Amino acid sequence: MKINIKSIIYFTLSFIAFLFTGMFCYTTKLDLALIASFITLFCTYKIFKISVKHLNSFTLFFLLFYTLYTYSAVLTVFFDVDGRKLFTESTPESACAYLFVSTLGLVGMSIPYLLEIKQISIDKSLFFIKKNQFTVFALFFLAVAFIGEMTNIFRAGGFEILKYGKGFYQSKTGDILITIPSALLLKIGYFFLGLRMFLSYELNYLKVFKNKLFITAVTISLPLIIIYLSVGFRGHLLGVIIAYLIGYSYFICIDKIKPKIVLFIFLGYSSMAILYGVRGQLKHLFTSGNWERFNYYVFQEKSYLVYFNPAHNEFGAPYMNYIKFYNDKDNTLLYGESYLSGLLIPIPRFLFPFEKPLAITYKFRDKYFNSWKKSSRVAGSGFSYVMEAQWNFGLIGPFIVYFLSGCFFWLLEYFRNKKKFMLFFPLFYAIFFPFAQSIHRSSFGFLMANVIVVTILLLALVLIKLILPFKTSSEA
């Protein structure tokens, strides 16, 4: 490990740009603050790239989703293109505050990445003996994801809850005791499916569509994906695609983006934007049969176009919540209380000898969305990782929390490149990879609950491995 001189230069520029961001935010000059913040973002990208090397890494995907969750909403407010009226309570001061704390968090997270991670050459032959194991991992996680979500649905009231939309679905499935994190398990399963397919086909990636394992895996997971799409969880589909691609490219160091990848991303995002935009009209069409209404809004008014703005879907949720928090001047600092109580979330209520502490998401819901009090979560609006940090420790909170998160993420990338962990680490990497997307609109407790549930499943996998030892496999 060593500190690269280029990283020091980029960090210095990043910090100077952050100071200007703070100055412009203090004087409510959002346009100049955005420019300075984008300089910090660019310098942070360079620091991450120098340290990690891989574009196909947890760190770079974290930065991608950070960019979407942070800047899409602020830019929407700045250019006054809030077609869905999600940010009607936004003020220049709240936009500047959100931009400031988010940029401060990014500065804190970049510090551990000043240490450059040594890259090693990977002997893929070592992994061919793991092909059968990766097959079992993929099918295991996909099967548990499917069974788990079916269990969640039936315990929450049956398939009837699907027709009421995303918010109602989240509320009902979140209200049951120990909700199985099926979306997370689905992404882990597809990570291993991608990893397994690469060991068979390497760069001949189109051949996977004829592979029996691939067809079986998609067949197992397809009903679950359809359920998610029917209620509006486009993010889960995006997460599944990314998890598969990261798994497939896990043994490859991708250091630049080819034009065809950009085209693929654009087409994928466009498809999901249209899907998100027409889902409400499709629901109305299926329940009422009113084709004229569907034709008017979809084909004539093209109402789905507004959803091409990332802030008009889930990427705008953290800022929407932050506005509520910022505009309330009666907030008191929690001083780490939400993080401590978050560690207790996975423990069932009946095991507590005392009243179980209320999770931060419940407190937020009860205070700012009181009409949703019968729901289990902030139905449909998610939460905000940066807001939780500020709520606990004030303006310095995002720096502290993101610095500690950055230390953990850096270690995740560091151990990925250690030979003695090479055969074990894909499993560990797969567990945390989905959080590169979900962390930005989640609370610490939600993440901890998912980690603990997945850890229990990993113990089950260890038992399976002990009972059914995997033999060396030949190439498929």
Side-chain angles (χ1 to χ4, degrees), residues 1 3 7-8 10-11 14-15 18 21-22 37 40-41 43-45 47-48 50-52 57-67 69-70 98-117 318 322 325 333-346 357 359-361 382-418 425 428-429 431-452 454-455:
M1 292 183 295
I3 298 179
S7 296
I8 295 294
Y10 280 121
F11 181 78
S14 172
F15 187 74
F18 162 71
T21 302
S37 182
T40 296
L41 176 67
C43 292
T44 302
Y45 163 76
I47 294 170
F48 287 172
I50 291 170
S51 178
V52 178
S57 64
F58 176 96
T59 300
L60 271 301
F61 273 93
F62 176 95
L63 188 64
L64 170 64
F65 285 108
Y66 166 92
T67 302
Y69 279 109
T70 300
Y98 183 69
L99 183 64
F100 174 77
V101 294
S102 298
T103 307
L104 175 60
L106 195 60
V107 171
M109 184 178 172
S110 66
I111 294 176
Y113 286 88
L114 294 176
L115 291 173
E116 187 176 359
I117 299 173
Y322 186 85
F325 169 78
L333 297 183
L334 301 178
Y335 296 107
E337 178 188 334
S338 77
Y339 296 102
L340 293 176
S341 61
L343 295 171
L344 304 177
I345 285 180
I360 185 89
T361 49
F383 198 61
S384 171
Y385 197 63
V386 71
M387 181 181 72
E388 182 179 15
Q390 184 178 348
W391 198 345
N392 276 271
F393 306 112
L395 289 179
I396 196 63
F399 179 86
I400 297 172
V401 172
Y402 275 71
F403 170 75
L404 295 176
S405 300
C407 290
F408 177 79
F409 299 156
W410 184 89
L411 287 173
L412 194 67
E413 304 291 3
Y414 173 76
F415 287 118
R416 176 183 177 179
N417 289 280
K418 296 291 286 184
F425 213 72
F428 195 69
Y429 203 80
I431 295 172
F432 287 96
F433 186 82
F435 296 141
Q437 175 188 0
S438 61
I439 191 173
H440 303 283
R441 57 170 299 173
S442 303
S443 67
F444 175 78
F446 170 79
L447 299 176
M448 284 303 303
N450 284 344
V451 168
I452 290 176
V454 172
T455 301

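Scope of the values below: all heavy atoms of this structure, side chains included, with no hydrogens, waters or symmetry mates. Everything numeric here is computed off the predicted structure, so don't read it as measured data. We're numbering straight along the sequence, starting at 1.
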Trainee: Just do the side chain to side chain contact (heavy atoms under 4.5 Å, CB included) check on L60 and Y45 with the steps written out, would you?
Mentor: CA-CA 8 Å; L60 271 301; Y45 163 76; 3.6 Å; yes

Trainee: Can you name the nearest heavy-atom pair linking R441 to Y69, along with the distance?
Mentor: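 Minimum heavy-atom separation between R441 and Y69: CD-OH, 3.4 Å.
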
Trainee: For S57 versus E413, what's the shortest heavy-atom pair and its separation?
Mentor: CB-OE2, 3.5 Å

Trainee: Does E388 reach the main-chain N or O of I360 with its side chain, forming a donor-acceptor pair under 3.5 Å?
Mentor: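 No, E388 side chain to I360 backbone: no donor-acceptor pair under 3.5 Å.
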
Trainee: Applying side chain to side chain contact (heavy atoms under 4.5 Å, CB included) to L115 and I3, what does each step give before you reach the verdict?
Mentor: CA-CA 5 Å; L115 291 173; I3 298 179; 3.7 Å; yes

Trainee: Go through Q390 and L395 one step at a time and tell me if the side chain to side chain contact (heavy atoms under 4.5 Å, CB included) criterion holds.
Mentor: CA-CA 6 Å; Q390 184 178 348; L395 289 179; 3.7 Å; yes

Trainee: Which atoms form the tightest heavy-atom contact between S51 and W410, and what is the distance?
Mentor: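 Heavy-atom minimum between the residues: OG-NE1, 3.4 Å.
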
Trainee: Indicate the atoms forming the closest heavy-atom contact of S110 with I47, along with that distance.
Mentor: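 Of all heavy-atom pairs spanning S110 and I47, the closest is O-CG2, 3.9 Å.
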
Trainee: Do the rings of F433 and F61 sit parallel, tilted or perpendicular, given the 30° and 60° boundaries?
Mentor: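 Perpendicular.
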
Trainee: For S37 and T103, what are the C-alpha separation, side-chain angles and deciding distance, and is it a side-chain hydrogen bond (donor to acceptor under 3.5 Å, both in side chains)?
Mentor: CA-CA 6 Å; S37 182; T103 307; 2.8 Å; yes

Trainee: Tell me which one of F415, F58, F408 satisfies ring-ring contact (aromatic ring centres under 6.0 Å, His included) with F432.
Mentor: F408

Trainee: Between atom CD1 of I50 and atom CD1 of I117, what is the distance when rounded to the nearest 0.5 Å?
Mentor: 12.5 Å

Trainee: Would you please name every residue forming a ring-ring contact (aromatic ring centres under 6.0 Å, His included) with F48, sequence neighbours left out?
Mentor: Y113

Trainee: Quick check: does any side chain N or O of S14 sit under 3.5 Å from a backbone N or O of Y10, one acting as donor and the other as acceptor?
Mentor: no

Trainee: Does the pair Y98 and V386 meet the rule for a side chain to side chain contact (heavy atoms under 4.5 Å, CB included), with working shown?
Mentor: CA-CA 9 Å; Y98 183 69; V386 71; 3.9 Å; yes

Trainee: Side chains of Y385 and S405: do they bring a donor and an acceptor to under 3.5 Å?
Mentor: yes

Trainee: CG of L41 to OG1 of T21: how many Å apart, nearest 0.5 Å?
Mentor: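 Taking CG in L41 and OG1 in T21, the distance rounds to 10.5 Å.
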
Trainee: Check ring-ring contact (aromatic ring centres under 6.0 Å, His included) between Y66 and all other residues, then give those that pass, not counting sequence neighbours.
Mentor: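 Residues passing ring-ring contact (aromatic ring centres under 6.0 Å, His included) with Y66: none at all.
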
Trainee: Would you name the heavy atoms of I396 and L104 that are closest together and state the gap between them?
Mentor: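 Looks like CA-CD2, 4.4 Å.
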
Trainee: Is there a side-chain contact between F444 and V401 in this structure, where contact means two heavy atoms from C-beta onward sitting under 4.5 Å apart?
Mentor: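 Answer no - side chains too far apart.
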
Trainee: Please check if the distance between the ring centroids of F409 and F62 is under 6.0 Å.
Mentor: yes

Trainee: Not counting sequence neighbours, which residues clear ring-ring contact (aromatic ring centres under 6.0 Å, His included) with F100? List them please.
Mentor: F18

Trainee: Taking side chain to side chain contact (heavy atoms under 4.5 Å, CB included) as the criterion, tell me which of P318, S443, S102, S442 meets it with S384.
Mentor: P318

Trainee: Out of curiosity, M109 CE to T44 OG1, how far, rounded to the nearest 0.5 Å?
Mentor: 9.0 Å

Trainee: Students often mix this up, so state it plainly: with edges at 30° and 60°, are the rings of F15 and F11 parallel, tilted or perpendicular?
Mentor: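 Answer is parallel, since the angle falls under 30°.
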
Trainee: Enter the distance from Y322:OH to L99:CG here, rounded to the nearest 0.5 Å.
Mentor: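 Y322 atom OH to L99 atom CG measures 10.0 Å (nearest 0.5 Å).
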
